[in-house]
There are 4 protein chains.
Amino acid sequence: MFKIDQRSSIPIYQQLIQEIKQAILKGILQPGDKLPSVRELSVQLTINPNTIQKSYQELEKQKIIETLRGKGTFVTTHYKPGEDKEKLDRLKENLRNTLVETYYLGLNKDEIMQLVQQLLEELKIGEGKS
Amino acid sequence: MFKIDQRSSIPIYQQLIQEIKQAILKGILQPGDKLPSVRELSVQLTINPNTIQKSYQELEKQKIIETLRGKGTFVTTHYKPGEDKEKLDRLKENLRNTLVETYYLGLNKDEIMQLVQQLLEELKIGEGKS
Amino acid sequence: MFKIDQRSSIPIYQQLIQEIKQAILKGILQPGDKLPSVRELSVQLTINPNTIQKSYQELEKQKIIETLRGKGTFVTTHYKPGEDKEKLDRLKENLRNTLVETYYLGLNKDEIMQLVQQLLEELKIGEGKS
Amino acid sequence: MFKIDQRSSIPIYQQLIQEIKQAILKGILQPGDKLPSVRELSVQLTINPNTIQKSYQELEKQKIIETLRGKGTFVTTHYKPGEDKEKLDRLKENLRNTLVETYYLGLNKDEIMQLVQQLLEELKIGEGKS
DNA sequence: GTGGTCTAGACCACA
DNA sequence: GTGGTCTAGACCACG
């Protein structure tokens with residue numbers, strides 16, 4: 001269900017967070033859907049339950065999922081963005097750095113814009129939803 | 001000359017690499033220009049010299065700067081991007097993640113595209129150069 | 001009749017205990033009044049009967065309600081607080097922590113005192129009764 | 001330096017968070033002060049380093065402390081509350097529950113108000129600071 | 001069954 | 001030296 005690269009330098013718990021967020025964006029996980037239990041995912045992905053836990057807790061803090069005690073973890077039905085200027089600044093910085101690297105790799109402006117477009121489509125990010 | 005945020009979660013040596021790359025893109029540093037010495041920068045930025053050293057070494061590995069023994073460190077005159085599919089994949093992955101986060105922060109497709117455009121201009125990345 | 005938040009991190013059985021205690025304080029439930037049966041409440045609140053049971057048992061242990069076999073559960077007519085230094089210490093600790101959090105949220109001393117006053121009035125806690 | 005009750009039902013990492021917040025309020029820890037390293041505290045309190053970690057990370061997320069990579073963890077110099085209506089609601093709820101319990105333990109309105117006053121003074125929460 | 005917490009011990013990147 | 005991540009395995013409260 002979720003792809004995790006054990007060799008990646010990106011922490012596993014962050015990879016999982018990303019995978020879940022993307023699954024929600026793409027509609028694979030719908031609001032209200034139950035997520036696999038910590039133990040279940042732990043077995044499926046052969047990852048320690050604590051690591052899964054960490055991902056779930058972080059997503060819960062971001063109000064993207066919520067847990068009903070004893071019942072499991074679910075995708076929240078009404079996610080609302082919530083202003084966070086600092087986070088936006090961090091993202092802009094990150095984006096700036098990524099663009100610089102992309103350029104140094106030989107892509108020109110048009111190719112970069114195309115890449116961004118393509119990724120947005122892949123993620124099913126359109127104007128309609130936000 | 002370069003802005004370093006000691007509090008940032010991004011390693012200092014990577015921040016410095018980014019600052020230098022951006023300075024080159026913006027034309028503040030021209031091919032052939034001499035970079036400050038390690039010791040000099042170390043004092044200016046109140047950063048451990050080893051950290052500066054690490055940045056310079058990484059940039060040299062990427063052929064963006066070069067060291068002439070006894071003379072100092074200079075911006076290379078002819079940088080040519082080498083193919084590196086792995087790195088491109090990493091960048092795409094990074095970009096994808098950043099876009100997801102941006103979207104979860106409440107920006108819609110148009111706003112994201114605008115942001116990218118704006119950053120590209122800031123960095124003086126145009127079609128003409130690559 | 002009682003408000004339960006399934007999403008809250010506070011256990012449901014404790015929420016119910018609180019709701020009942022507050023209803024008594026406010027006079028909505030009078031000494032001698034009959035409480036809804038476990039099954040009845042279970043349906044109304046769509047909560048597992050075991051959970052309701054747990055709340056009732058705890059309240060009975062605290063002598064706030066009592067069960068008459070075959071007749072139902074009732075608010076006790078003469079509640080008298082028993083000394084319990086340990087519990088008082090726990091409450092003080094809890095209160096201290098809450099005040100710290102409130103302060104870190106930006107409320108100053110006056111605002112905190114006002115908040116406490118307001119809550120006491122809401123709960124109809126006055127000097128006359130204890 | 002910090003008092004932890006291993007037997008308490010309150011998670012150790014939360015106790016530690018509280019202890020640190022209170023130490024800052026009381027002026028025992030001043031803005032800019034270095035906190036003990038994770039390992040150091042771990043030995044002092046005979047608590048697992050991971051548990052200390054968790055406390056530090058939570059405090060960092062709340063912007064009460066910050067870490068300079070390789071140097072250690074420090075009390076932030078400029079803490080700014082930051083609106084959080086939801087958290088305030090949770091605190092009010094908590095406060096309400098605590099007041100109910102206190103009342104059921106036999107304290108009357110005056111005694112409760114006195115208790116709150118006393119705690120605020122202990123914590124050195126005054127009007128001047130917020 | 002569910003998630004939440006904790007320990008012990010390990011490895012890594014950073015400065 | 002610092003903090004950040006991960007695993008293995010354990011115990012607990014809740015429903």
Side-chain angles (χ1 to χ4, degrees), chain A residues 4 6-16 34-42 45-60 65-74, chain B residues 4 6 8-16 42 45-55, chain C residues 4 6 8-16 42 45-55, chain D residues 4 6-16 34-42 45-60 65-74:
Chain A
I4 300 296
Q6 301 260 10
R7 274 173 252 84
S8 165
S9 66
I10 299 169
I12 293 175
Y13 83 97
Q14 282 187 17
Q15 289 184 50
L16 183 53
K34 185 178 181 308
L35 290 161
S37 82
V38 169
R39 286 167 179 75
E40 206 179 321
L41 248 193
S42 161
L45 306 175
T46 57
I47 284 172
N48 189 288
N50 289 335
T51 306
I52 313 276
Q53 257 295 61
K54 195 168 180 180
S55 304
Y56 277 21
Q57 283 184 354
E58 175 60 23
L59 283 167
E60 184 158 17
I65 67 179
E66 62 188 352
T67 107
L68 303 187
R69 276 176 332 303
K71 294 192 177 165
T73 309
F74 302 82
Chain B
I4 300 295
Q6 301 259 12
S8 165
S9 66
I10 300 168
I12 292 174
Y13 84 98
Q14 282 185 17
Q15 289 185 50
L16 183 53
S42 162
L45 305 175
T46 58
I47 283 175
N48 191 307
N50 294 333
T51 307
I52 313 277
Q53 190 63 10
K54 193 166 181 179
S55 305
Chain C
I4 300 295
Q6 301 259 14
S8 165
S9 65
I10 299 169
I12 291 173
Y13 83 98
Q14 282 185 17
Q15 289 184 51
L16 183 53
S42 162
L45 305 176
T46 58
I47 283 174
N48 191 307
N50 294 332
T51 307
I52 313 275
Q53 190 64 9
K54 193 167 181 179
S55 305
Chain D
I4 299 296
Q6 302 261 10
R7 270 172 256 86
S8 166
S9 67
I10 299 169
I12 293 175
Y13 83 98
Q14 281 186 18
Q15 290 184 49
L16 183 53
K34 186 178 182 305
L35 289 161
S37 82
V38 170
R39 287 166 178 76
E40 206 178 323
L41 247 193
S42 161
L45 305 175
T46 58
I47 284 171
N48 189 289
N50 289 335
T51 307
I52 313 279
Q53 257 293 65
K54 195 167 179 181
S55 304
Y56 277 21
Q57 283 183 354
E58 175 61 22
L59 284 166
E60 185 159 15
I65 66 179
E66 62 187 352
T67 108
L68 304 187
R69 276 176 333 301
K71 294 193 177 167
T73 309
F74 302 82

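We name chains A, B, ... by the order of the sequence lines, and we start the count at 1 in each one.
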Margin query: Please evaluate residues A:L35 and A:Y56 with respect to the criterion side-chain contact (heavy atoms from CB on, under 4.5 Å), reporting the C-alpha separation (whole Å), side-chain torsions for both, the decisive distance (0.1 Å), and the verdict.
Written below: CA-CA 10 Å; A:L35 290 161; A:Y56 277 21; 3.7 Å; yes
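Once you apply a 4.0 Å limit to the heavy atoms of chain B, the touched nucleotides of DNA chain E run 5' to 3' over E:dC14 to E:dA15.
Here the straight-line distance linking atom CG of D:L59 with atom NZ of D:K54 works out to 13.0 Å at 0.5 Å rounding. Note that NZ of A:K34 is 10.5 Å distant from OG1 of A:T67, once rounded to the nearest 0.5 Å.
Within 4.0 Å (heavy atoms only), D:T73 reaches sugar-phosphate atoms of the nucleic acid but no base atom. Residue D:Q53 is classed as a base contact, given a heavy-atom separation below 4.0 Å to a base. No contact: C:I47 has no heavy atom under 4.0 Å from any strand.
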Let me check something: any side-chain donor-acceptor pairs from residues 6-14 of chain A under 3.5 Å, sequence neighbours excluded? List them with distances.
from, atom 1, to, atom 2, distance (Å)
A:Q6, NE2, A:T46, O, 3.4
A:R7, NH1, A:D5, OD1, 3.3
A:S8, OG, A:I10, N, 2.9

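Applying the salt bridge (Lys or Arg N to Asp or Glu O under 4.0 Å) rule to A:E60 yields no partners; only residues at least two apart in sequence or on another chain are considered. For the side chain to side chain contact (heavy atoms under 4.5 Å, CB included) test, residues two or more places apart in sequence or in another chain that qualify with A:S42 are A:P49, A:I52. Every side chain to side chain contact (heavy atoms under 4.5 Å, CB included) that C:N48 has, sequence neighbours left out, goes to C:N50, C:T51. When the side-chain hydrogen bond (donor to acceptor under 3.5 Å, both in side chains) test is applied to A:E40, no partner is found at least two apart in sequence or on another chain.
In terms of position on DNA chain E, the residue among D:P49 and B:N48 whose nearest nucleotide sits closer to the 5' end is D:P49. Residues A:T67 and A:N50 each lie close to DNA chain E; by heavy-atom proximity, the contact nearer the 5' end of the strand is made by A:T67. With DNA chain F read from its 5' end, the first of the two nearest nucleotides for C:T51 and D:Y56 is the one closest to D:Y56.
Of all non-hydrogen atoms in D:V38 and D:Q53, the two that sit nearest each other are CG2-OE1, 3.9 Å.
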Note to self: Reading 5' to 3' and counting Watson-Crick or G-U wobble pairs with both distances under 3.5 Å, write the dot-bracket notation for DNA chain E, | for bases paired outside the strand.
What the structure shows: ||||||||||||||.
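Using a 4.5 Å heavy-atom threshold, the side chains of C:I4 and C:L16 count as touching.
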Polar pairs (N or O, both sides) under 3.5 Å between protein and nucleotides 12-14 of chain F?
from, atom 1, to, atom 2, distance (Å)
F:dC14, OP2, C:Y13, OH, 3.4

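Within 6.0 Å of NZ in D:K71 there are 12 or fewer heavy atoms belonging to other residues, nucleotides or ligands.
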